[in-house]
Amino acid sequence: MLNTVAKDEAPAAEQELTDGFHLIIDALKLNGVETIYGVPGIPITDFGRMAQGAGIRVISFRHEQNAGNAAAIAGYLTKKPGICLTVSAPGFLNGLTALANATTNCFPMILISGSSEREIVDLQQGDYEEMDQLAIAKPLCKAAFRVLHAADIGIGVARAIRAAVSGRPGGVYLDLPAKLFSQTMEANAGAKSLVKVIDAAPAQIPAPDAVKRALDVLKSAKRPLIILGKGAAYAQADDAIRTLIEKSGIPFLPMSMAKGLLPDTHPQCAGAARSTVLKESDVVMLIGARLNWLLSHGKGKSWGKPGSQKFIQIDIEPKEMDSNIEIAAPVVGDIGSCVSALLAGMGDNWTPAPADWTGAVKTKKDENIAKMAPKLMSNAVPMDYHGALGALRTIIRERPDAILVNEGANTLDLARGVIDMYQPRKRLDVGTWGVMGIGMGFAVAAAIETGKPVLAVEGDSAFGFSGMEVETICRYNLPVCVVVFNNNGIYRGTDVNPSGGTDVATTVFVRDARYDKMMEAFGGVGVNATTPDELKRAVNAAMDSGKPTLINAVIDPTAGSESGRIGNLNPQSVLKKK
Ligand code: ADP
Ligand code: TPW
Ligand code: MG
């Protein structure tokens, strides 16, 4: 039903009116938007209230960046654009980091921001929260639109939705000036102006010759490898991907957020033999994974000798091909269509990957897994990373449908390696930028969008970027268990101030802080855990009860290493240290 407002001075022929507020709500509802993540204020406070009144779930955060991260991950989890709603200028800017991060990660989201009066902004006459938001958003997202007339709201919302989810997904900015909200128009015309987006992300079928080329390259392989990226997880083509992998017998390497697309315990999973397969494979098929820094750009010492490896790449974005090295067989299309076409082309008599190769990968993998096993049993107190993660690994094995959110440096890199995932789209982390601050936003949206329990494994620094949202978690009573790996600082808690002055080192926090008290402050459960056993018990209790819980896991402050696993990316001074 269309919302309407009565006109103050109704003309003789009683005309029903609608306005910007109602048209935006109707346009969102018409397109299946069920949840908005945001922070209220001028000019969108009433809009939030009215959206809630109209049955949209409106989740209010304490900071827009977290609302934006929630919207972005909602988009990733559902393949529908997540919606973030912010106030003008400062609120908009706070949301912008999340919008840019969504674009970088190929997550579909729409940042809807109220803005000030165009006439005043453009003449720079000093309006309340004046800012040329559209111009600022443009370079940071896939598309940016502004709606000036109520009659264009339907088209504006439709364009935003289509831009966010079609082709390579990403962030879209929708600018709604304050005046638009109260603009009126005739209700029937308003209803007709709305647009239901049909087939928002159309299938993109790969060209038959591209598929044939890819199969020819694959057929020639003696040591093939498949790399699954988060695009493959996003595509929700889980069955087709599994069939391709099992039919081909090719070892697969999941990128961080693709873990669980097939279980990490799958016999063909080469996660524990990563360096071997990158170096020794002769044909690499990338499925929804970019050859960016996370894969050392497809060259250099992590890879085989130049020219010794051929790449097949499946991606919806044609410009991604040859971005870093030559792609021998580009397959452009959506992953579901591409993988199905490859399967059809493979027929029933496909020769599986050579046994000497798959055997060698398995031997290496078993060796590495055996090497790690005793570390995971560590009962050292204070806990080291492996001891604490060993406990969490067991919990995810026993509760494979829980969603794992993960950020930090050592806390991220080690958890990625230690905690096996068993189901698709269950691991959400810092993604392409390695950005800190996604934790609580992701956790809130994961709980709301899926209804599953969430385990957020957070470095103490990482947690701090979004920590205030524990109030949000308590307010909405979400089944989120946050574990803060508290090692008193960034990477380590033991650095000293090189000047000998009284300030602590730049990477060090208050010693022995009790993050668990933060959750207690808002009525949630707080636990201080000093052993793997205590940690395990506390997480299990949290997951059984579904109560918001924060566990302060006391980690040995000497245990971490600089920047976790990517210390090599730190520039080094060539001058002698004083
Ligand atoms: P990872 O970090 O896991 O390696 P990336 O974010 O680098 O993954 O790569 C994801 C890739 O997936 C992007 O290049 C994006 O264009 C692509 N992608 C996203 N969705 C689809 C889809 N439905 N079909 C094909 N490719 C997709
Ligand atoms: C938005 C730089 C990378 S990792 C990290 C920072 C500040 C925190 C590491 O400490 P933590 O983990 O979380 O305690 P641990 O286990 O190693 O002690 N600002 C942004 N993003 C990034 N990546 C940084 C700063 C950084
Ligand atoms: Mg830390």
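Computed from heavy atoms alone, side chains included, the values below leave out hydrogens, waters and symmetry copies. Whatever order the structure lists them in is the order used to number ligands and atoms, beginning at 1. Along the sequence shown, residues are numbered consecutively beginning with 1.
Closest of all the heavy-atom pairs between Val332 and Ile316 is CG1-O, 3.9 Å. Nearest heavy atoms, Asn570 versus Ser563: ND2-OG, 2.9 Å. The two atoms that bring Ala233 and Leu261 nearest to each other are N-CD2, 3.8 Å, heavy atoms only.
Aromatic pair Tyr173/Phe92: centroids less than 6.0 angstrom apart.
Between Asp413 and Arg416, at least one side-chain N (NZ, or NE/NH1/NH2) sits under 4.0 Å from a carboxylate O, which counts as a salt bridge. Salt bridge status for Asp238 with Arg242: absent, with no side-chain N to carboxylate O gap under 4.0 Å. The existence of a salt bridge linking Arg393 and Asp420 is confirmed by a sub-4.0 Å separation between a basic side-chain nitrogen and an acidic carboxylate oxygen. Salt-bridge annotation for Arg492 and Glu562: present, with a side-chain N of the basic residue lying under 4.0 Å from a carboxylate O of the acidic one. With salt bridges taken as basic N to acidic carboxylate O contacts below 4.0 Å, none links Glu326 and Lys310.
Taking a cut-off of under 4.0 Å to the non-hydrogen atoms of Gly288, the atoms of ligand 1 that pass are 8 (O), 9 (O), 10 (C), 11 (C), 12 (O). Using a 4.0 Å cut-off to heavy atoms of Asn292, the atoms of ligand 1 that qualify are 7 (O). Heavy-atom contacts of Arg168 reach the following atoms of ligand 1: 13 (C), 14 (O), 15 (C), 16 (O) (cutoff under 4.0 Å). Each of the following atoms of ligand 1 lies closer than 4.0 Å to a heavy atom of Gly333: 24 (N), 25 (C). Close approach of ligand 1 to Met255 (heavy-atom distance below 4.0 Å) involves ligand atoms 3 (O), 4 (O). Interface of Cys106 with ligand 1, defined as ligand atoms under 4.0 Å from a residue heavy atom, comprises 13 (C), 15 (C). Annotation for ligand 1: atoms under 4.0 Å from non-hydrogen atoms of Gly229 are 3 (O).
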List, pair by pair, the atoms of ligand 2 and of the protein that are both N or O and lie under 3.5 Å apart, giving the separation rounded to 0.1 Å.
| from | atom 1 | to | atom 2 | distance (Å) |
| --- | --- | --- | --- | --- |
| ligand 2 | 12 (O) | Ala409 | N | 3.2 |
| ligand 2 | 13 (O) | Ala462 | N | 2.9 |
| ligand 2 | 14 (O) | Asp460 | N | 3.2 |
| ligand 2 | 14 (O) | Asp460 | OD1 | 2.6 |
| ligand 2 | 14 (O) | Ser461 | N | 3.0 |
| ligand 2 | 14 (O) | Gly489 | O | 3.0 |
| ligand 2 | 16 (O) | Tyr385 | OH | 2.7 |
| ligand 2 | 16 (O) | Thr411 | N | 3.2 |
| ligand 2 | 16 (O) | Thr411 | OG1 | 2.6 |
| ligand 2 | 17 (O) | Asn410 | N | 2.8 |
| ligand 2 | 17 (O) | Asn410 | ND2 | 2.9 |
| ligand 2 | 18 (O) | Asn487 | OD1 | 3.2 |
| ligand 2 | 18 (O) | Asn487 | ND2 | 2.9 |
| ligand 2 | 18 (O) | Gly489 | O | 3.1 |
| ligand 2 | 18 (O) | Tyr491 | N | 3.1 |
| ligand 2 | 21 (N) | Met436 | N | 3.1 |
| ligand 2 | 23 (N) | Gly434 | O | 2.8 |

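If you look at Lys230 next to ligand 1, the close heavy atoms, those under 4.0 Å, come from the backbone and the side chain alike.
In terms of protein heavy-atom proximity, atom 27 (C) of ligand 1 is closest to Ile316 CG2, 3.8 Å. With hydrogens left out, the protein atom closest to atom 24 (N) of ligand 1 is Ile335 N, 2.9 Å, a heavy atom.
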Tell me, with the steps shown, if Arg514 and Asp512 meet salt bridge (Lys or Arg N to Asp or Glu O under 4.0 Å). CA-CA 6 Å; Arg514 290 286 303 275; Asp512 303 330; over 6 Å; no

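Within the set Ser323, Pro318, Gly231, the minimum heavy-atom distance to atom 19 (C) of ligand 1 is found for Gly231. Within the set Ile287, Asp334, Asp315, the minimum heavy-atom distance to atom 11 (C) of ligand 1 is found for Asp315.
A donor-acceptor contact closer than 3.5 angstrom is absent between the side chains of Asp282 and Gln309. Asn66 and Tyr37 share no side-chain donor-acceptor pair at under 3.5 Å. Using a 3.5 Å distance cut-off with no hydrogens or angles, the side chains of Ser337 and Asp334 do pair a donor with an acceptor. No donor-acceptor contact under 3.5 angstrom links the side chains of Asn497 and Asp503, judged on distance only.
In terms of polar-atom proximity, Ala235 is not counted as a contact of ligand 1, lacking any N or O under 3.5 Å from an N or O of the ligand. Residue Arg290 places at least one N or O, backbone or side chain, under 3.5 Å from an N or O of ligand 1. Annotation: Tyr234 places no N or O atom under 3.5 Å from an N or O atom of ligand 1; distance criterion only. Note: no N/O pair closer than 3.5 Å links Glu317 and ligand 1 by distance alone.
When the side chain to side chain donor-acceptor pair (under 3.5 Å) test is applied to Arg162, no partner is found at least two apart in sequence or on another chain.
Counting non-hydrogen atoms of other residues, nucleotides and ligands closer than 6.0 Å to CZ of Arg159 gives a total of 12 or fewer.
For the pair Lys230 and Tyr76, the NZ or CZ position fails the cation-pi test of under 6.0 Å to the six-membered ring centre and within 45 degrees of the ring normal.
Inspection of the environment of the Mg ion (ligand 3) yields the following protein N, O or S atoms under 2.8 Å: Asp460 OD1, Asn487 OD1, Gly489 O.
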List the atom pairs, donor and acceptor, that lie under 3.5 Å between side-chain atoms in residues 456-468 and the rest of the protein, sequence neighbours left out.
| from | atom 1 | to | atom 2 | distance (Å) |
| --- | --- | --- | --- | --- |
| Asp460 | OD2 | Asn488 | N | 3.1 |
| Asp460 | OD2 | Gly489 | N | 2.8 |
| Ser466 | OG | Met440 | N | 3.0 |

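Assignment of Cys338 to the shell around ligand 1 is not supported, since no heavy atom sits closer than 4.0 Å.
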